[in-house]
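Data first, discussion second: the structure below is written as structure tokens.
Quantities reported herein were computed from a predicted structural model and do not represent experimental measurements.
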Amino acid sequence: MNLPPLPPVGGETTGRNVVDVVTQEHRELLALCDQLTAAPDDRRLVDVVVAELSRHLSAEEQYLYPAVRRTVPGGDDLADRELAEDHQLLITLQQLVRDGGADRAAAVVESVRRHVDADAEELLPVLVQMVPIEDLIRVGNRFETAQEAAPTRPHPGTPSTPPWNKVVDPAVAVVDKLRDAVTRRTTYAKDL
């Protein structure tokens with residue numbers, strides 16, 4: 001993979017690899033979806049689901065899909081399909097924020113389950129087979145960093161591929177986080 005080298009630390013590459021990071025996040029997202037199914041009109045819960053998914057999708061677009069494009073045979077088609085589904089999920093999240101309701105919540109839950117299944121069945125196993133562990137750890141580190149600088153609201157109109165998403169997403173995130181602070185919006189599951 002074409003990644004910048006890690007700074008010298010005098011030992012092995014450390015951190016969680018991207019497959020472990022994404023798998024754990026998928027479990028957390030599915031748990032949030034179960035809560036959303038039970039309480040689709042809980043505004044705080046909706047805000048957290050929207051924020052967690054927005055951050056997750058942004059980080060995947062910045063680092064997971066480019067890694068798939070570079071290392072997996074047929075990776076361009078796979079990444080393009082995932083990007084199209086993620087774009088539709090962002091639109092569905094916007095509708096949930098705007099309209100609310102059990103129908104919109106159910107559509108989000110269905111899309112998240114489809115997203116998790118596609119990653120677990122196709123993307124992640126092939127990355128483990130094709131990419132050295134050191135590179136997976138590097139991508140995992142960047143993925144986690146990107147999430148903290150990612151938007152907390154859906155923005156389907158912003159770029160979804162590097163390099164522009166790596167420039168636009170953090171800029172949009174500043175505005176989102178300012179709005180979150182002013183409105184005291186809950187954006188992390190740990191704060192529910």
Side-chain angles (χ1 to χ4, degrees), residues 16-65 67-68 78-128 139-140 143-158 160 165 169 172-173 176-177 179-180 183-192:
R16 297 185 311 154
N17 73 61
V18 70
V19 174
D20 292 341
V21 171
V22 170
T23 300
Q24 178 185 343
E25 286 190 9
H26 283 169
R27 281 192 300 267
E28 292 167 3
L29 289 169
L30 290 173
L32 283 171
C33 284
D34 290 343
Q35 292 177 34
L36 185 61
T37 299
D41 296 320
D42 181 338
R43 194 71 221 165
R44 269 183 88 201
L45 178 59
V46 167
D47 287 344
V48 167
V49 168
V50 168
E52 294 279 4
L53 270 169
S54 296
R55 284 191 294 265
H56 177 78
L57 295 175
S58 175
E60 282 191 341
E61 290 172 357
Q62 289 181 41
Y63 290 100
L64 182 64
Y65 301 148
V68 168
L78 200 54
D80 288 344
R81 187 186 73 224
E82 291 301 314
L83 284 169
E85 289 180 10
D86 289 359
H87 179 73
Q88 188 56 49
L89 178 52
L90 289 171
I91 291 170
T92 306
L93 284 173
Q94 274 187 327
Q95 293 167 342
L96 176 63
V97 169
R98 185 185 64 232
D99 304 331
D103 290 344
R104 298 283 188 213
V108 167
V109 168
E110 180 183 330
S111 293
V112 170
R113 291 188 193 289
R114 202 170 36 248
H115 169 85
V116 168
D117 289 345
D119 282 3
E121 293 170 9
E122 293 180 80
L123 291 180
L124 301 179
V126 76
L127 277 177
V128 169
V139 174
F143 187 97
E144 289 181 307
T145 301
Q147 271 194 300
E148 287 308 310
T152 59
R153 298 167 192 268
H155 298 281
T158 60
S160 61
N165 64 346
D169 280 3
V172 170
D176 284 356
K177 290 174 183 183
R179 287 176 63 196
D180 295 340
T183 62
R184 297 186 176 168
R185 178 176 175 248
T186 305
T187 61
Y188 286 95
K190 65 181 170 122
D191 296 329
L192 281 176

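Distance check, rounded to the nearest 0.5 Å: OH of Tyr63 to CG of Asn165 gives 8.5 Å. Between atom CG of residue Leu53 and atom CG of residue Leu29 there is a gap of 5.0 Å, rounded to the nearest 0.5 Å. Distance OG/Ser111 to CD/Gln88: 7.0 Å, rounded to 0.5 Å. Atoms OG1 and CD, on Thr92 and Glu85 in that order, are 11.0 Å from each other to the nearest 0.5 Å. Summarising the geometry, atom CG belonging to Leu57 is positioned 5.5 Å from atom NE2 belonging to His115; distances are rounded to the nearest 0.5 Å.
Side chains of Asp169 and His155: a donor-acceptor N/O pair is absent below 3.5 angstrom, by distance only. At a cut-off of 3.5 Å, with distance as the only test, a side-chain donor of Asp86 or Tyr65 sits close to an acceptor on the other residue. Using modelled atom types, one finds a donor on one side chain and an acceptor on the other under 3.5 Å when comparing Glu60 with His56.
Two residues are said to be in side-chain contact when any heavy atoms from C-beta on lie closer than 4.5 Å; His26 and Thr23 fail this criterion. Annotation: side chain of Pro156 is in contact with side chain of Gln94 (closest heavy-atom distance under 4.5 Å). Here the side chains of Leu32 and Leu45 are in contact, with some heavy-atom distance below 4.5 Å. Between Leu30 and Glu25, every side-chain heavy-atom pair lies at or beyond the 4.5 Å cut-off. Side chains of Arg81 and Glu122 form a contact here, defined as non-hydrogen atoms less than 4.5 Å apart.
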Applying side chain to side chain contact (heavy atoms under 4.5 Å, CB included) to Val22 and Leu124, what does each step give before you reach the verdict? CA-CA 9 Å; Val22 170; Leu124 301 179; 4.0 Å; yes
Evaluate the side chain to side chain contact (heavy atoms under 4.5 Å, CB included) criterion for residues Gln35 and Leu192: first the C-alpha distance (whole Å), next the side-chain angles of each, then the deciding distance (0.1 Å), finally the verdict. CA-CA 11 Å; Gln35 292 177 34; Leu192 281 176; 3.9 Å; yes
Where do Val112 and Val108 land on the side chain to side chain contact (heavy atoms under 4.5 Å, CB included) test, with the steps shown first? CA-CA 6 Å; Val112 170; Val108 167; 4.2 Å; yes
From CA spacing to verdict: side chain to side chain contact (heavy atoms under 4.5 Å, CB included), Leu64, Asp119: CA-CA 10 Å; Leu64 182 64; Asp119 282 3; 4.2 Å; yes
Begin with the C-alpha distance, continue with both residues' side-chain angles, and end with the deciding distance and a verdict on salt bridge (Lys or Arg N to Asp or Glu O under 4.0 Å) for Asp180 and Arg153. CA-CA 10 Å; Asp180 295 340; Arg153 298 167 192 268; 2.8 Å; yes
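Nearest heavy-atom pair, Ala118 versus Glu82, reported as atom, atom and distance to 0.1 Å: CB-OE2, 3.4 Å. For the residue pair Gly101 and Leu96, the shortest heavy atom distance occurs at O-CD1, 4.1 Å. Here the closest heavy-atom approach between residue Ala149 and residue Ala173 is recorded as O-CB, 3.3 Å.
Judged purely by atom type and a 3.5 angstrom limit, Arg185 has no side-chain atom pairing as donor or acceptor with the backbone of Val48. Of the possible polar contacts, none joining the Ser58 side chain to the Ser54 backbone as a donor-acceptor pair under 3.5 Å is found.
A cation-pi arrangement is found for Arg55 relative to Tyr188, the charged atom lying closer than 6.0 Å to the ring centre and inside a 45° cone about the ring normal.
A salt bridge is absent between Glu52 and Lys190; no separation between the charged side-chain nitrogens and carboxylate oxygens falls under 4.0 Å.
Annotation: Arg113, atom CZ; neighbour count of heavy atoms from other residues, nucleotides and ligands within 6.0 Å is above 12. The 12-atom threshold is exceeded at CG of Asp20, counting heavy atoms of other residues, nucleotides or ligands nearer than 6.0 Å.
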